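Working notes for the structure below.
Sequence positions, counted from 1, serve as the residue numbers for this chain. Ligands are counted one by one from 1 in listed order, and the atoms in each one are counted from 1 as well. Bear in mind the structure is a predicted one, so any value in this text is a computation, not a measurement.
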Amino acid sequence: EQSDNMTACRLVLTEMEKHEDGWPFLKPVNFKQFPTYKKYIKNPMDFTTMKNKLRDSLYKTRGEFASDTRLVFNNCMIFNEDESDVGKAGHTMRKYFEQRWKDLL
Ligand SMILES: Cc1ncccc1N[C@H]1CCCS(=O)(=O)C1
């Protein structure tokens, strides 16, 4: 049922926001702080933007929500070295998301 699908999305997003390693993804990357970011990353995404899209019913399916989540972590891997603090957080969060996403199928 539609609302159940969105319940799972809200639940996993809340968990990711609370996760110890979620800090790099809570807000949009600051282009002033990272001036080259928008040159390399064509479709920025972050947890606050995702929360607003959920609130505004902009996700029609679980799949659309999962795509934005994967966009967050793929952007992270493009811009950040694997061994950087942000890069490591991205790998941890991606693993966490994919496991929880399976649990909530
Ligand atoms: C996800 C990401 N990709 C590339 C650069 C930066 C970030 N995240 C930043 C978010 C604000 C705090 S921070 O500036 O330490 C890290």
Side-chain angles (χ1 to χ4, degrees):
E1 203 253 325
Q2 171 67 357
S3 64
D4 297 345
N5 290 335
M6 291 305 117
T7 303
C9 298
R10 279 194 199 89
L11 173 63
V12 74
L13 182 55
T14 301
E15 292 174 351
M16 291 196 292
E17 287 175 321
K18 289 178 177 165
H19 194 294
E20 178 182 359
D21 294 331
W23 57 270
F25 315 107
L26 297 177
K27 295 274 189 305
V29 173
N30 186 317
F31 296 155
K32 291 183 189 57
Q33 220 177 330
F34 299 92
T36 62
Y37 193 78
K38 66 197 301 286
K39 174 165 175 23
Y40 291 98
I41 303 301
K42 300 306 176 195
N43 299 296
M45 189 47 64
D46 66 279
F47 294 163
T48 294
T49 302
M50 290 172 65
K51 186 183 265 181
N52 292 341
K53 287 179 73 171
L54 268 172
R55 178 199 58 207
D56 301 341
S57 304
L58 294 180
Y59 294 119
K60 297 307 167 200
T61 65
R62 277 169 51 111
E64 290 179 4
F65 173 85
S67 292
D68 265 359
T69 308
R70 290 167 181 144
L71 179 57
V72 171
F73 302 133
N74 289 339
N75 288 344
C76 183
M77 289 194 290
I78 290 166
F79 194 84
N80 301 283
E81 299 286 338
D82 286 342
E83 294 316 307
S84 67
D85 287 343
V86 173
K88 282 184 289 189
H91 286 293
T92 302
M93 292 307 295
R94 187 166 60 91
K95 195 87 191 133
Y96 178 80
F97 167 74
E98 296 299 347
Q99 183 53 54
R100 287 296 289 139
W101 200 236
K102 282 195 182 104
D103 297 340
L104 295 167
L105 254 187

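Here the side chain of Glu98 pairs no donor or acceptor atom with the backbone of Arg94 at under 3.5 angstrom. Judged purely by atom type and a 3.5 angstrom limit, Ser67 uses its side chain to pair as donor or acceptor with the backbone of Gly63.
When hydrogens are left out, the protein atom nearest atom 3 (N) of ligand 1 is Asn80 ND2, 3.2 Å; that is the closest non-hydrogen contact. The protein heavy atom nearest to atom 1 (C) of ligand 1 is Pro24 O, 3.3 Å. In terms of protein heavy-atom proximity, atom 7 (C) of ligand 1 is nearest to Val29 CG2, 3.7 Å. Among all non-hydrogen protein atoms, the one lying nearest atom 15 (O) of ligand 1 is Trp23 CZ3, 3.5 Å.
Here the two rings, on Tyr96 and Trp101, have centers that are 6.0 Å apart or farther.
Distance check for atom 12 (C) of ligand 1: every protein heavy atom is found at 4.0 Å or beyond.
Listed by chain and residue number, Leu13, Glu17 satisfy the side chain to side chain contact (heavy atoms under 4.5 Å, CB included) test with Lys51 (two or more places apart in sequence, or in another chain). Remark: Asp103 pairs with Gln99, Arg100 by the side chain to side chain donor-acceptor pair (under 3.5 Å) rule, at least two apart or across chains.
Using bins of under 30°, 30° to 60° and over 60° for the plane-to-plane angle, the ring pair Phe47/Phe25 lands in the tilted bin.
Ligand-side atoms of ligand 1 in range of Gln33: 14 (O), range being under 4.0 angstrom from any heavy atom. Close approach to Phe25 involves these atoms of ligand 1, each under 4.0 Å from a residue heavy atom: 1 (C).
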